[in-house]
Amino acid sequence: MIYTGPPQNSIRKKIDSQNVIEAHALLKMNNIISENCIVHAPYIINLASPREEVYKLAVDFLKLEISRVKELGLKYLVLHPGSCLTLPRDEGTKKIIDGLNKVFENDNSNVVVLIETMSGKGSELGISLAEIKSIVEGVEKKNKIGICLDTCHLWDSGQDISDPDLFLKEFKKYLDIDLIKAIHLNDSKNVFGARKDRHDNIGYGNIGFEILSKWVHCQEFWNIPIILETPYFWFENKWKPPYKEEISMLKNNSFKDFKK
Ligand code: FE
Ligand code: FE
Ligand code: ZN
């Protein structure tokens, strides 16, 4: 997963086509198909905002971001649906739907926006399968929309994820599982249903290794990119990325304390 610029602001550098060629060569060298290289939209996009200027910026910025994903030769763009702040939740949801339809209206790219399941922190929307369903079903161009499941967010929002097959059974009551195009695999620093959103390293949080490993080995997810968004850890006087260790533990389906 990549960002096309800093996730916290709207400063964007023009995309250099030479870099794109090099990046695709790198993907190929590492046996990663370009479709599995996911882009995450910046956090400042809030389609549910009651403030007109924030909403307008969100629509414009999302259009721009889609054109950048297209330029990069990539397909999927993960988006946080938004926070409704002072608005009632259903009105916030309506704004998200209208915003997405506006964005997709004149979009001729094959970029697909993936709505991420959220934790329920503050006034976030998209924190239950019912809310995700209303957003997805409101989008007119069905080929433009998909879903990204985030295990930490699902857990924090109070969705039972202890068995991925049972979760999918529940999911099917709301939406088609083919809509799931990416997974963010994270442990959680918080207890079930805490609505907090703080990621932890795989096997170090409250979800635990066993459940997260089940998600990785679930057959339904074999063709879906599974992305770690786990924090760096302090090791031998510096911050270290955990990904190599976490991936190897998950592949071997056995936990190993890599922090000591
Ligand atoms: Fe996210
Ligand atoms: Fe995520
Ligand atoms: Zn998160």
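One-based numbering, in listed order, for ligands and for the atoms of each.
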Closest N/O/S atom of Asp197 to the Zn ion (ligand 3), by atom name? OD1
For a quick check under 3.5 Å, do Lys259 and Asn201 share a side-chain donor-acceptor pair by atom type? yes
Flag side-chain contact, heavy atom, 4.5 Å: Val20 against Ile15: yes
Would Lys95 pass as a cation-pi partner of Tyr55, given that its NZ or CZ must be under 6.0 Å from the six-membered ring centre and within 45 degrees of the axis? yes
Answer yes if the ring centres of His184 and His199 are under 6.0 angstrom apart, and no otherwise. no
Mind checking how many protein N/O/S atoms fall short of 2.8 Å from the Fe ion (ligand 1)? 3
Note: Asp107-Lys144 ion pair, threshold 4.0 Å (strictly below): yes
Ring centres of Phe233 and Trp239 under 6.0 Å apart? no
2.8 Å cut-off met by an N, O or S atom of His199 to the Zn ion (ligand 3): yes
Look at His153 and state whether any of its N, O or S atoms is less than 2.8 Å from the Zn ion (ligand 3). yes
Counting only heavy atoms not in Lys238 (residues, nucleotides, ligands), do more than 12 fall under 6.0 Å from its NZ? no
